[in-house]
Amino acid sequence: MASISGTAIATFARPQFAARAQVVKGFSGLKSVSFSIQRNGFPSVRLQPAPRRFQVSCAAKPETVQKVCEIVKKQLALSDDTPVTGESKFSALGADSLDTVEIVMGLEEAFEISVEEESAQSITTVQDAADLIEKLVEAKSS
Amino acid sequence: MSWLLRRNMLPLHSNSLARRPLASPPPLLPAPLPSPRETHLWYVVPDQLKDASLLNQYMDLLSPCERQSVLRMNGERLQKGALLARALVRTTLARYTDCRVSPKSFKFRKNRFGKPEVEWNKYDLWAPPPLQFNISHTSTMIACGVALDLPIGVDIEEKQRKTRNNILSLARRYFSPVEVAYLRTLADLESQRHEFIRLWTLKEAYVKALGRGFSGAPFKDFTIRLEASNSKQVTGESKSDASRIVVEAVDHPGILMNRWHFALFELNNSHYAAVCMERDVKDPDRENNSLKLEVWRTLPFVEDECVTETAAVKNIIR
């Protein structure tokens, strides 16, 4: 159902997030033309830019990110050895618009939150989803 | 020549790829331009691609930016799919340029919602055809629809696609009340699932034809359904039991958005496919004329087969 790769999926790439996408360095990139997958020490090795560590109010807990990864992998039927991390972009994981809505509903169920459509549209990476979840969980309990 | 295009399978160089130098890929079968009411749909089945050197040929057609995007996909299967999608778009469009534009030469830009369109170079002695296109893919098929000068949206989905969430829960959240009501009339879960998928592809095709995509045109705001039509046939008899696919805004029920017409069908026995195209305002009988469809199965540079009148395209609803 999705249209082409990261540049134009069924939801269409959102121009305002193009800059953000370039900042992210996922290690799901960097492949040779022969399409071999670079295996990394997931989950012990994570290429997060250092400043994020100090943004305590924004970055989600590793357990939250891990849980989101699990839900995403299940929805997209990815094999256990497919690296999915906070930096993973949904479009690069082959998620189409139906996958995306199913993932959102799966997250709502798992975390007992409710995600507004507008917020859902702004999620492009696993980390985005985890951050939003923690924000909503916190808002619920406060 | 056009009879050959329609009726025969035309294998091109199927065994000679390994001996062909990379610099000169075999010529593509050219195609006549679609007429104003016509959608041309070209699809490729990734599993039919067995020759790794073909992947290199396709990679060679891509822009550096596209190559990077392909390589950013997570895993070999997704990379192959992304590569095939770009190769399909480029080779398909090239067929309509009378051999003047090679697949590699195409440039693309995006509209403000991110929908890709062709950006033509300036030619002194030739007016490029105003081609509109849209692609869709699943893990087992990639499809590219082409129309002349009229916006088009295409969406395909595997018939067997299962949802993790309950169908009615999904529908209540994302579909219009009329559509939910329709799904609720279906007593058995399998029918419900199939109809959900078909409706999803129609809605997706519509928002892609609009150029807005899923995020730019909320599914909840419009209804797609069948409307009984009383169009007269050429013989003068009224076809009162014929029905056509229509779209209306939830806020303005009964006011059909006649600008758009649709086709929904089964493709390759494996997929549901939906096409949405803007109607041609120059057509005097545009209200009644339905969308015409021509379909080709392709493996670019290897073989093309017109499958329009075959079992690969069936159960067409317009």
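Below, each value reflects all heavy atoms present in this structure, side chains not excepted, and no hydrogens, waters or symmetry copies. Lettering of chains follows the sequences in order, A, B, ..., and the numbering in each one begins at 1. The model shown is predicted, which means the values in this text are computed figures rather than measured ones.
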Report which part of A/Glu118 has an atom under 4.5 Å of a heavy atom belonging to chain B: side chain, backbone, both, or neither. neither
Give a yes or no on whether the backbone of B/Phe106 and the side-chain of B/Arg90 come within a donor-acceptor separation of less than 3.5 Å. yes
Side chain, backbone, both or neither: which part of [X] has a heavy atom under 4.5 Å from chain A?
{"X": "B/Phe108", "result": "neither"}
{"X": "B/Phe196", "result": "side chain"}
{"X": "B/Leu170", "result": "both"}
{"X": "B/Arg173", "result": "side chain"}

For the NZ atom on A/Lys135, are there more than 12 heavy atoms of other groups (residues, nucleotides or ligands in this structure) within a distance under 6.0 Å? no
Both conditions, 6.0 Å and 45 degrees, for the charged tip of B/Lys203 above the ring of B/Phe175: are they met here? yes
Cation over ring, B/Arg198 on B/Tyr272, under 6.0 Å and within 45°? yes
Answer with yes or no after comparing the ring centroid distance for B/Trp200 and B/Phe214 against a 6.0 Å cut-off, counting only values under it. yes
